[in-house]
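Read through the structure below, which is laid out as structure tokens, and then see the notes.
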Amino acid sequence: MNRILPAAMVLAMLTACNQKPTTDKSIENLTAKVQELKDKYRPGLGDFMVGIQLHHSKLWFAGINNNWKLAEYEIGEIKESFEDIKNVETDRPEVKTIDMIQPPLDSLAGAITQKNEVAFRQQFELLTATCNKCHRANKFEFNVITIPTEPPVYNQDFKPHSLMPHS
Ligand code: HEC
């Protein structure tokens with residue numbers, strides 16, 4: 001998304017510079033071209049979901065390691081992705097049910113702010129149950145999200161680190 005839109009805009013600007021007198025027709029063509037590029041390179045709902053899945057898993061390991069700064073970052077990424085879905089996937093009927101994820105996200109964010117691991121674990125379960133609730137509501141019941149058992153990557157330390165050296 002972030003890389004595509006600027007590219008579309010640069011193309012729009014270049015094309016605009018090449019045109020001599022700007023006619024209604026050329027603006028129309030340009031608008032159509034930008035729309036075509038947006039559609040072509042637009043991430044699909046499934047692409048967004050895979051990103052959310054990764055942040056969901058990282059969030060778990062951040063929280064159970066009491067790495068609250070990382071947890072805050074990861075939940076921010078999840079929130080951003082759901083916002084992007086709402087803005088981008090306007091033609092997907094499933095998006096109408098997406099708001100059910102907001103209350104569990106807010107409660108989990110509260111547990112993170114309080115640095116409360118017990119609440120974090122509870123709210124994370126609720127969030128995960130809501131992912132599945134939405135999948136079931138949209139006939140994607142075969143897609144079941146669980147509490148992760150292993151970190152999703154091997155090249156990231158989920159324990160807290162401070163800016164002080166040697167800590
Ligand atoms: C709108 C309600 C909704 C919510 C809320 C939701 N999902 Fe999804 N999810 C979907 C739909 C619809 C699909 C199928 C997308 C497609 O067409 O590929 C999907 C697909 C997925 C996939 C499959 C992607 C793939 O290609 O393997 C994963 C993983 C996933 N969701 C994770 C999550 C997680 C984790 C959460 C919660 C943090 C969540 N989803 C919340 C609707 C939702």
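The first residue of the sequence shown is numbered 1, and numbering continues consecutively from there. If you're wondering where the values come from, they're calculated on a predicted model, not measured in any experiment. We count ligands from 1, going down the list as the structure has it; atoms in each ligand are counted the same way.
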With a cut-off of 2.8 Å, does any N, O or S atom of M49 fall short of it relative to atom 8 (Fe) of ligand 1? yes

Honestly, for T128 the part within reach of ligand 1 (heavy atoms, under 4.0 Å) is neither

Should D47 and R42 count as an ion pair when the cut-off is N to O under 4.0 Å? no

Using a cut-off of strictly less than 2.8 Å, determine whether C134 has an N/O/S atom near atom 8 (Fe) of ligand 1. no

Decide if the gap between the ring center of F124 and the ring center of H56 is smaller than 6.0 angstrom. yes

For residues 67-96, which residue pairs pass the ring pair (Phe, Tyr, Trp, His ring centres under 6.0 Å) check, not counting sequence neighbours? W68-F120

Nearest non-hydrogen protein atom to atom 27 (O) of ligand 1, with distance, is V50 CG2, 4.1 Å

Salt bridge flag under 4.0 Å for residues K69 and E72: no

Among all protein heavy atoms in this structure, tell me which lies nearest to atom 32 (C) of ligand 1, with the distance rounded to 0.1 Å. I145 CD1, 3.5 Å

Nearest non-hydrogen protein atom to atom 18 (O) of ligand 1, with distance, is G46 CA, 3.4 Å

Taking C-beta and beyond as the side chain, do I78 and L59 meet within less than 4.5 Å on heavy atoms? yes

To the nearest 0.5 Å, what is the distance between NZ on K133 and CG on L127? 12.5 Å

Contact with ligand 1 for V95, non-hydrogen, under 4.0 angstrom: no

Provide, to 0.1 Å, the distance between atom 34 (C) of ligand 1 and the closest protein heavy atom, together with that atom's residue and name. C131 SG, 3.5 Å

Tell me the protein heavy atom at minimum distance from atom 11 (C) of ligand 1, and give that distance in Å. F140 CD1, 4.0 Å

Going by the 4.0 angstrom heavy-atom rule, the piece of R92 near ligand 1 is side chain

Take H135 and E141, measure what side chain to side chain donor-acceptor pair (under 3.5 Å) needs, and give me the verdict at the end. CA-CA 5 Å; H135 290 167; E141 75 292 340; over 6 Å; no

Identity of the N, O or S atom of H135 lying closest to atom 8 (Fe) of ligand 1: NE2

Test your reading of the structure: does N138 have an N or O sitting under 3.5 Å from an N or O of ligand 1? no

Just to confirm my output: which protein heavy-atom neighbour is closest to atom 23 (C) of ligand 1, and how far is it? N143 ND2, 2.8 Å

Do the side-chain N and O atoms of N87 and E83 include a donor-acceptor pair separated by under 3.5 angstrom? no

Using a strict cut-off of less than 4.0 Å between a Lys/Arg side-chain nitrogen and an Asp/Glu carboxylate oxygen, indicate whether E36 and K40 qualify as a salt bridge. no

